[in-house]
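These notes concern the structure reproduced below.
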Amino acid sequence: MIVYDFSPSQEHGSVRALVRAFVDREIMPNIRAWDEAHHFETGILHKLADLGMMGVCIPEAYGGAGMDYNTLAIVCEELERGDTAFRTAVSVHTGLNSMTMLQWGSEAQKQKFLVPQAKGEKIGAFGLTEPDAGSDVAGMNSMAVFKGDHYVLSGSKIWISLSDVADHFLVFAYTDRNLRHKGISAFVVERGMPGFSTRPIHGKLGIRAGNTGELIFDDVRVPVENRIGEEGEGFKIAMSALDNGRFTVAAGACGTIMACLEASLAYCEQRETFGKKIGEHQLVQQMIAKMAANLEISRLLVAKVGWLKNRGVRNTRETSLAKWVSCDAAFEAASDAIQVHGAYGYSSEYPVERYLRNAKAPVIYEGTREIHTIMQAEYALGYRQDAALRAMLPAWPFAHSEGEA
Ligand SMILES: Cc1cc2nc3c(=O)[nH]c(=O)nc-3n(C[C@H](O)[C@H](O)[C@H](O)COP(=O)(O)OP(=O)(O)OC[C@H]3O[C@@H](n4cnc5c(N)ncnc54)[C@H](O)[C@@H]3O)c2cc1C
């Protein structure tokens, strides 16, 4: 018999309160200025590290807080209530990079890369997208040529979050182009390696308080020890990384919906038309009701994924569904929040225009809306099934062996 328990644990409640207070204190007073200045405040990551939030679901023996996967979702939800930029940072650092290292890294790689990342001493990023290859990963052009004890990596990545901030970059390149998906391998490129450089992207619609840019590999010598998994396992590693990244994106979308709801409820109290508060008009209530319903639906989908992760069960289908539904709902909530605010919502005097600009990127990254729509149809039609992976994310509570360094 499956028992569903919807009550948050005491730890969940404590972490939510901790991150909420942090966001109110450290992000809320500054975010409008950072957004306008296109400034990514790296100090926020250091402070999150001090709180143990940069490796919240990584085993303690690997430098993390050892909490369950739903705790990561709570951190992401509360952070995105402040701004998408900081949730994106945790998504790539913890979801896409550290959790992948936990799942696929050798013991030596965990010691070298995961431990400092989980402590927040080093920052991780994830480089999959290229100028000519986004949704179609196998369209990538980056090449890693084997030279005995190292690979020579050439090519570039684009739209990489934390490109100018991160220390460790989990990147993907062909080691054998003829094998298509089965010829892609995964590597960690370290900042400072000769031939490796980064540059920021300017002129973004949203996530302006975040850092996004390009990675350039000009014949970078990458030691064999920095290859994650076997040669040719890169595509599987990238997709399993996305199972974790998408979980955090979906959780963050709940934070956007929550922020839209909070802002709209406050405005409903203060604005009057036709002799009554706008919250008393049924068509305004319809928008409020939709936000409230979508917050609940999205949270439930995310919680189910967290529950599956805690049990060590593959969750690609459920994660895709949660990401697709919650990100679309967040974008709709942001649009409706502007509508509730009328013309004032169209100005930066209120935060809701920022929510709308921010909410667009998650509908595009970590699988576009169209890619998730196709995935869900294919699962429903029986065209897609998930085979067991060679390496799985460890179930929670972590077994003692996962914690033995
Ligand atoms: C702010 C931001 C941060 C990002 N951070 C990262 C990061 O850290 N690391 C990283 O690797 N990438 C990152 N990305 C890149 C992101 O993952 C890609 O943009 C995304 O995968 C889509 O790829 P694309 O932009 O090349 O669009 P394309 O793949 O070119 O798609 C263009 C359009 O065609 C549609 N389309 C494509 N194929 C199909 C199909 N088969 N059927 C129907 N429609 C289809 C798409 O849905 C989309 O609407 C980031 C992007 C943004 C905006």
Side-chain angles (χ1 to χ4, degrees), residues 35 38 40 45 76 80 83-100 123-142 155-173 184 186-189 198-217 234-235 237-246 248-250 252-253 256 320 323-324 327-328 330-331 354-378 383-384:
D35 185 77
H38 295 241
F40 179 67
L45 300 188
C76 289
E80 188 144 355
D83 195 78
T84 309
F86 301 107
R87 193 276 306 148
T88 299
V90 169
S91 286
V92 300
H93 171 81
T94 304
L96 289 170
N97 189 317
S98 294
M99 289 167 77
T100 309
I123 300 300
F126 179 85
L128 184 64
T129 307
E130 297 195 357
D132 294 325
S135 308
D136 183 9
V137 171
M140 72 169 60
N141 289 310
S142 289
S156 68
K157 300 285 172 183
I158 198 166
W159 292 108
I160 306 307
S161 305
L162 301 183
S163 57
D164 299 299
V165 175
D167 305 284
H168 303 154
F169 298 81
L170 178 59
V171 305
F172 302 84
I184 296 171
F187 302 92
V188 175
V189 172
T198 62
R199 62 170 171 245
I201 291 173
H202 299 292
K204 286 182 297 177
L205 170 72
I207 319 190
R208 291 181 176 173
N211 171 252
T212 320
E214 295 177 58
L215 315 180
I216 299 115
F217 313 117
F235 184 79
I237 293 173
M239 294 305 118
S240 74
L242 288 169
D243 284 349
N244 299 325
R246 288 167 178 171
T248 64
V249 175
T256 293
S320 158
K323 194 273 180 187
W324 173 39
C327 291
D328 270 4
F331 188 71
R354 177 167 53 85
Y355 299 158
L356 183 70
R357 288 188 287 103
N358 283 351
K360 190 62 194 174
V363 180
I364 296 170
Y365 62 42
E366 303 220 23
T368 64
R369 175 178 58 205
E370 291 70 34
I371 293 301
H372 289 293
T373 307
I374 290 166
M375 284 175 72
Q376 292 306 317
E378 288 180 348
Y383 299 164
R384 176 186 281 263

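One-based numbering, in listed order, for ligands and for the atoms of each. No hydrogens, no waters, no symmetry mates; every other heavy atom, side chains included, goes into these values.
Under the 4.0 Å distance rule, the nearest protein heavy atom to atom 34 (O) of ligand 1 falls outside the cut-off. Protein heavy atoms are found inside the 4.0 Å sphere centred on atom 47 (O) of ligand 1. Contact annotation for atom 10 (C) of ligand 1: protein present (non-hydrogen atoms, distance under 4.0 Å). Under the 4.0 Å distance rule, the nearest protein heavy atom to atom 13 (C) of ligand 1 falls inside the cut-off.
Applying the side-chain contact (heavy atoms from CB on, under 4.5 Å) test between Tyr365 and each of Leu242, Thr129, Ile207 identifies Ile207 as the sole match.
Of all the atoms in ligand 1, the ones that sit under 4.0 Å from a non-hydrogen atom of Glu366 are 17 (O). For ligand 1, the atoms sitting less than 4.0 Å from at least one non-hydrogen atom of Thr368 are 22 (C), 46 (C), 47 (O), numbered in the order shown with element in parentheses. Atoms of ligand 1 lying under 4.0 Å from any heavy atom of Ile160, numbered from 1 in the order shown and given with element: 7 (C), 8 (O), 9 (N), 10 (C), 11 (O).
Selection from Gly210, Ser135, Pro131 by nearest heavy atom to atom 38 (N) of ligand 1 gives Ser135. When the options Gly134, Gly245, Ser163, Ser161 are ranked by their closest heavy atom to atom 8 (O) of ligand 1, first place goes to Ser161.
The proximity of Thr88 to ligand 1, defined as any non-hydrogen pair under 4.0 Å, does not occur for either the backbone or the side chain. Using a 4.0 Å cut-off between heavy atoms, Val92 contacts ligand 1 through its side chain alone, with no backbone atom that close.
When only modelled atom types and interatomic distance are considered, Ser142 and Glu130 share a side-chain donor-acceptor pair under 3.5 Å. Residues Ser163 and Glu214 have side chains that never bring a donor and an acceptor to within less than 3.5 angstrom of each other. Thr373 and Arg369 form no side-chain donor-acceptor contact under 3.5 Å, judged by distance and modelled atom types alone. Using modelled atom types and a 3.5 Å distance limit, the side chains of Ser91 and Thr248 yield a donor-acceptor pair.
Although no hydrogens or angles enter the test, the distance criterion places no donor-acceptor pair under 3.5 Å between the side chain of His168 and the main chain of Val188. A donor-acceptor pair is defined here as one N or O able to donate and one able to accept, closer than 3.5 Å; no such pair exists between the side chain of Asn358 and the backbone of Gly206. Side-chain N or O atoms of Asn97 include one that pairs as donor or acceptor with a backbone N or O of Ala125 at under 3.5 Å.
Of all protein heavy atoms, the one lying nearest to atom 19 (O) of ligand 1 is Ile364 CG2, 3.8 Å. Nearest protein heavy-atom contact of atom 2 (C) of ligand 1 is Tyr365 CD2, 3.4 Å. Looking at atom 6 (C) of ligand 1, its nearest protein heavy atom turns out to be Trp159 O, 2.6 Å. Scanning the protein for heavy atoms near atom 15 (C) of ligand 1, the closest one is Thr129 OG1, 3.2 Å.
Closest approach of Asn141 to Asp132, counting heavy atoms only: ND2-OD2, 3.8 Å.
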